[in-house]
Novice: 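I am attaching a structure below and will ask some questions about it afterwards.
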Amino acid sequence: MKLRIAAALAAILASLGSVSAEELTIRFGNPGVGLDNKQYSYGDATSYARARELIEKEFASDKDIKIEWTFFRGAGPALNESVAAKQLDFFLLGDLPAIVGRSRGLEHKFLFATSRHEPIYLAVPPNSDIKSIDDVRRKKVALFKGTNLQLATDRVLSVHGLTEKDVRFINLDTNAAVPALTSGNVDAVFGGPEYLALAKKGIVKIVYTTKGDDPTLGRHTSYLVTTAFEQAHPDVTQRVVTTFIKAVAFASDPANKDEVFDGWALSGFPKDAFEADIEGDTLANRLNPLIDEFIIARYKDQVARASAYGLIKGDVDVDSWLEPKYLQQALKELKLENHWSSYDAQGEIAKLGDLNKKQTN
């Protein structure tokens, strides 16, 4: 009798173990956080997907799959620490922190581009005598180092005949940079569209933007998956990528711009800042997910710059980092193979996509 009871208990425990083993939590990370610690972000289609719970809806019928999102106030460096601790599976990263993590042994794959040509803005107090990039020489300028803003700003300086040594950079994140600027503790700040809302209120003045400047300037981000997760769950990886590419296609349609901005506004940043940021550009261009020669060239350039500045140890082989098969399958499945234009290394159109053809007709 005792043997039968023991056998039954063992069978029950084995059954519970097998159910537990089938449960899966897909952990997503984003290197940013909304105002007042809101767990939302902006600026790419994966942020819109988060706002409208598109990933959750994709896996709603999978009772053994759970979705978890984490947003990091410490941006890319903090997210990299979480990846190193094996706490994330999928995540968005700017080029520099992704390259730094890869150089330090973090095993992940580059799935698709999430933003390109993301503008950089130079903000100053309204009464500042700084009128252009040339005027930041020897000035105290706030910059969030360790993020993709750092090397992108370095490239801006280089194009304009300056180097980091010509500027007195102070390492501050956005939350610290704004009060430092308004109090006069720094003379200027390089940043993103968050400063456009402040400019509209007259709190700061924008004296330079990469928009309309050299086409290779700006910031670039990508979506990554840990190698361990991708190898263990290729089917889930495909569903995640396909869901995000659907979101990119939706966001790329000009008719959906207001809805996309509404989703981004859950971060607490106002819609008019997004409107000002995209002025003169299109979401189809900004959110283009293709891993084309332009994106590959930008990442290789950032690897070279990061190495020159001693930010990485050893080389990062960009070509072996790329894993385009999930993107290619999503484009095929969704019939989007010719949707977006592809660009050459200099930023010129190499193949005109359907979206651009519609806009030029």
Side-chain angles (χ1 to χ4, degrees), residues 19-34 37-72 79 82 87-93 108-109 111-115 221-226 229-230 232-269 271 274 283-284 286-290 323 325-337 339-340 355:
V19 169
S20 175
E22 292 173 1
E23 291 180 350
L24 175 67
T25 298
I26 312 175
R27 304 163 301 173
F28 294 85
N30 189 286
V33 67
N37 206 40
K38 291 181 173 67
Q39 297 298 290
Y40 296 95
S41 190
Y42 61 88
D44 76 294
T46 69
S47 296
Y48 174 74
R50 153 64 178 165
R52 299 303 186 231
E53 298 187 342
L54 301 185
I55 292 289
E56 287 82 352
K57 291 171 184 175
E58 166 63 24
F59 291 97
S61 61
D62 297 86
K63 301 307 179 185
D64 295 323
I65 293 181
K66 298 179 181 179
I67 306 301
E68 179 180 288
W69 291 85
T70 305
F71 290 76
F72 293 84
L79 191 149
S82 189
Q87 296 170 343
L88 292 175
D89 303 307
F90 292 91
F91 40 94
L92 182 148
L93 269 179
H108 45 59
K109 291 291 188 177
L111 294 171
F112 60 93
T114 45
S115 71
T221 64
S222 59
Y223 221 73
L224 309 168
V225 62
T226 63
F229 188 95
E230 183 264 329
H233 307 285
D235 54 337
V236 173
T237 300
Q238 185 63 67
R239 289 173 67 185
V240 167
V241 173
T242 300
T243 300
F244 280 144
I245 298 305
K246 281 183 189 176
V248 182
F250 178 86
S252 295
D253 187 338
N256 299 326
K257 185 174 70 171
D258 281 343
E259 161 59 15
V260 173
F261 288 171
D262 282 339
W264 288 354
L266 292 180
S267 66
F269 291 97
K271 284 179 65 175
F274 309 139
L283 286 176
R286 186 75 62 81
L287 308 182
N288 184 335
L290 301 185
E323 185 50 274
K325 67 181 182 183
Y326 297 102
L327 171 62
Q328 291 168 356
Q329 178 60 33
L331 294 174
K332 181 179 179 180
E333 179 183 332
L334 300 171
K335 296 180 170 52
L336 297 171
E337 295 104 317
H339 203 59
W340 291 277
L355 283 169

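Residue indices begin at 1 and follow the sequence shown. Please read all numbers here as calculations on a predicted model, not as lab measurements.
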Novice: Between Ser222 and Leu111, is there a side-chain heavy-atom distance shorter than 4.5 Å?
Specialist: no
Novice: Take Gln39 and Asn37, measure what side chain to side chain contact (heavy atoms under 4.5 Å, CB included) needs, and give me the verdict at the end.
Specialist: CA-CA 6 Å; Gln39 297 298 290; Asn37 206 40; 3.8 Å; yes
Novice: Please report whether the ring centroid of Tyr48 lies less than 6.0 Å from that of Phe250.
Specialist: yes
Novice: For Lys57 and Arg52, indicate whether the former's side chain and the latter's backbone hold a donor-acceptor pair under 3.5 Å.
Specialist: yes
Novice: Any chance NZ of Lys38 has more than 12 other-residue heavy atoms, nucleotides or ligands included, within less than 6.0 Å?
Specialist: yes
Novice: Side chains of Glu53 and Trp69: any donor to acceptor distance under 3.5 Å?
Specialist: no
Novice: Taking the six-membered ring for Trp, are Phe261 and Trp264 parallel (under 30°), tilted (30 to 60°) or perpendicular (over 60°)?
Specialist: tilted
Novice: Rounded to the nearest 0.5 Å, what separates atom CD1 in Ile26 from atom CD in Glu68?
Specialist: 11.0 Å
Novice: What distance do Leu327 atom CG and Leu290 atom CG have between them, rounded to the nearest 0.5 Å?
Specialist: 6.5 Å
Novice: Determine, stepwise, if the pair Thr70 / Arg27 fulfils side chain to side chain contact (heavy atoms under 4.5 Å, CB included).
Specialist: CA-CA 8 Å; Thr70 305; Arg27 304 163 301 173; over 6 Å; no
Novice: What pair of heavy atoms forms the shortest contact from Ser47 to Tyr42, and how long is it?
Specialist: OG-N, 3.6 Å
Novice: Side chains of Trp340 and Leu331, heavy atoms from C-beta outward: is any pair under 4.5 Å?
Specialist: yes
Novice: Can you list everything that forms a salt bridge (Lys or Arg N to Asp or Glu O under 4.0 Å) with Asp44? Sequence neighbours excluded, please.
Specialist: none
Novice: Counting distance only, does the side-chain N/O of Thr25 pair as donor-acceptor with the main-chain N or O of Lys66 below 3.5 Å?
Specialist: no
Novice: How far apart are the closest heavy atoms of Glu230 and Thr237, and which atoms are they?
Specialist: CA-OG1, 3.6 Å
Novice: Anything under 30° is parallel, anything over 60° is perpendicular, the rest tilted; go ahead and classify Phe112 against Tyr223.
Specialist: parallel
Novice: For residues Asp89 and Phe91, report the shortest heavy-atom separation together with the two atoms involved.
Specialist: O-CE2, 3.8 Å
Novice: Output, in order, the C-alpha distance, side-chain angles, deciding distance and verdict of side chain to side chain contact (heavy atoms under 4.5 Å, CB included) for Thr46 and Phe28.
Specialist: CA-CA 10 Å; Thr46 69; Phe28 294 85; over 6 Å; no
Novice: Might you point out which heavy atoms bring His233 and Leu24 nearest each other, and give the distance in Å?
Specialist: NE2-CD1, 3.7 Å
Novice: Can you give me the closest heavy-atom contact between Ser252 and Leu355, atom names plus distance?
Specialist: CB-CD1, 3.8 Å
Novice: Do Phe229 and Phe90 have their ring centres less than 6.0 Å from each other?
Specialist: yes
Novice: Can you name the nearest heavy-atom pair linking Ala330 to Val241, along with the distance?
Specialist: CB-CG1, 4.3 Å
Novice: Taking the side chain as C-beta and beyond, is there a heavy-atom pair between Lys271 and Asp258 under 4.5 Å?
Specialist: yes
Novice: How long is the straight-line distance from CG of Asn30 back to CG of Leu79, given to the nearest 0.5 Å?
Specialist: 8.0 Å
Novice: Might you work through the side chain to side chain contact (heavy atoms under 4.5 Å, CB included) test for Lys257 and Leu283, ending with a clear yes or no?
Specialist: CA-CA 8 Å; Lys257 185 174 70 171; Leu283 286 176; 4.0 Å; yes
Novice: Rounded to the nearest 0.5 Å, how far apart are OG1 of Thr226 and NE2 of His108?
Specialist: 9.5 Å
Novice: Hey, could you give me the CD1/CD distance between Ile245 and Glu333, rounded to the nearest 0.5 Å?
Specialist: 11.5 Å
Novice: From Asn256 CG over to Asp262 CG, what is the distance, rounded to the nearest 0.5 angstrom?
Specialist: 11.0 Å
